[in-house]
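A quick note: this is a predicted structure, and the numbers were derived from the prediction, not measured. Every heavy atom of this structure was used, including side-chain atoms; hydrogens, water molecules and symmetry mates were not.
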Amino acid sequence: MPSLILLMIAGAFVYAFWNSSRAAAERAGELGRNACSAANVQWLDQSVHATGLRVVRKDSGWLGWERTFKFEYSHDGVDRHSGRMVLRGDQLVAFVGPSAARISEIRRDVDTRDAEDV
């Protein structure tokens with residue numbers, strides 16, 4: 001009987017971890033999609049990939065999870081660039097990815113001396 005209770009407690013912890021991991025992945029997907037839209041680039045594969053997980057101390061003093069996600073984007077549909085974001089809980093703490101698009105990168109026929117940043 002005690003082993004069944006321990007098994008149920010372990011199952012509850014596994015379910016809570018899985019649920020928080022899915023919520024973080026959905027939040028990362030939303031942030032990546034919004035960043036690509038704001039930079040006027042294509043978000044490739046429509047997904048993010050978890051690449052790291054570690055335990056950190058939150059601002060409140062409690063321990064929590066810090067998850068790292070990778071995504072890919074393209075300026076013209078041919079090239080592929082990799083972006084990275086770090087979430088602590090559901091809060092974004094680091095982001096490397098598309099910046100504001102430049103006219104000289106989008107339209108190769110424009111003289112770069114006359115091109116302005118958008």
For W65 and V55, run side-chain contact (heavy atoms from CB on, under 4.5 Å): C-alpha distance rounded to whole Å, both residues' side-chain angles, the deciding distance at 0.1 Å, then the answer.
CA-CA 5 Å; W65 297 108; V55 177; 3.4 Å; yes
Before giving the answer on side-chain contact (heavy atoms from CB on, under 4.5 Å), spell out for N34 and W43 the whole-Å C-alpha distance, their side-chain angles and the decisive distance to 0.1 Å.
CA-CA 9 Å; N34 291 344; W43 186 43; over 6 Å; no
If you round to the nearest 0.5 Å, how far is [atom2] of [Y] from [atom1] of [X]?
X: Y73; Y: Q42; atom1: OH; atom2: CD; value: 13.0 Å
X: C36; Y: H75; atom1: SG; atom2: NE2; value: 9.5 Å
X: L31; Y: F95; atom1: CG; atom2: CZ; value: 8.0 Å

Nearest heavy-atom neighbours spanning [X] and [Y]:
X: L44; Y: S74; answer: CD1-CB, 3.8 Å
X: G97; Y: F71; answer: CA-CZ, 4.4 Å
X: F69; Y: T51; answer: N-OG1, 4.2 Å

Considering only residues two or more places apart or on different chains, which pairs with a residue in residues 13-29 satisfy side-chain hydrogen bond (donor to acceptor under 3.5 Å, both in side chains)?
S20-R67, S21-R67
Applying salt bridge (Lys or Arg N to Asp or Glu O under 4.0 Å), name anything that partners D59, two or more places apart in sequence or on another chain.
none
According to salt bridge (Lys or Arg N to Asp or Glu O under 4.0 Å), who are the partners of R80, at least two apart in sequence or on a separate chain?
D45, E72
Could you work out, with side-chain contact (heavy atoms from CB on, under 4.5 Å) as the rule, every residue matching [X], not counting sequence neighbours?
X: S3; value: none
X: R57; value: L63
X: I9; value: I5, F13

Going by chain and number, the hydrophobic cluster around M8 (ILVMFWY, side chain to side chain under 4.5 Å) further includes L4
Expected list for residues 81-93: side-chain donor-acceptor pairs under 3.5 angstrom, two or more places apart:
| residue | atom | partner | partner atom | Å |
| --- | --- | --- | --- | --- |
| H81 | NE2 | D79 | OD2 | 2.8 |
| R88 | NE | E66 | OE1 | 3.0 |
| R88 | NH2 | E66 | OE1 | 2.6 |

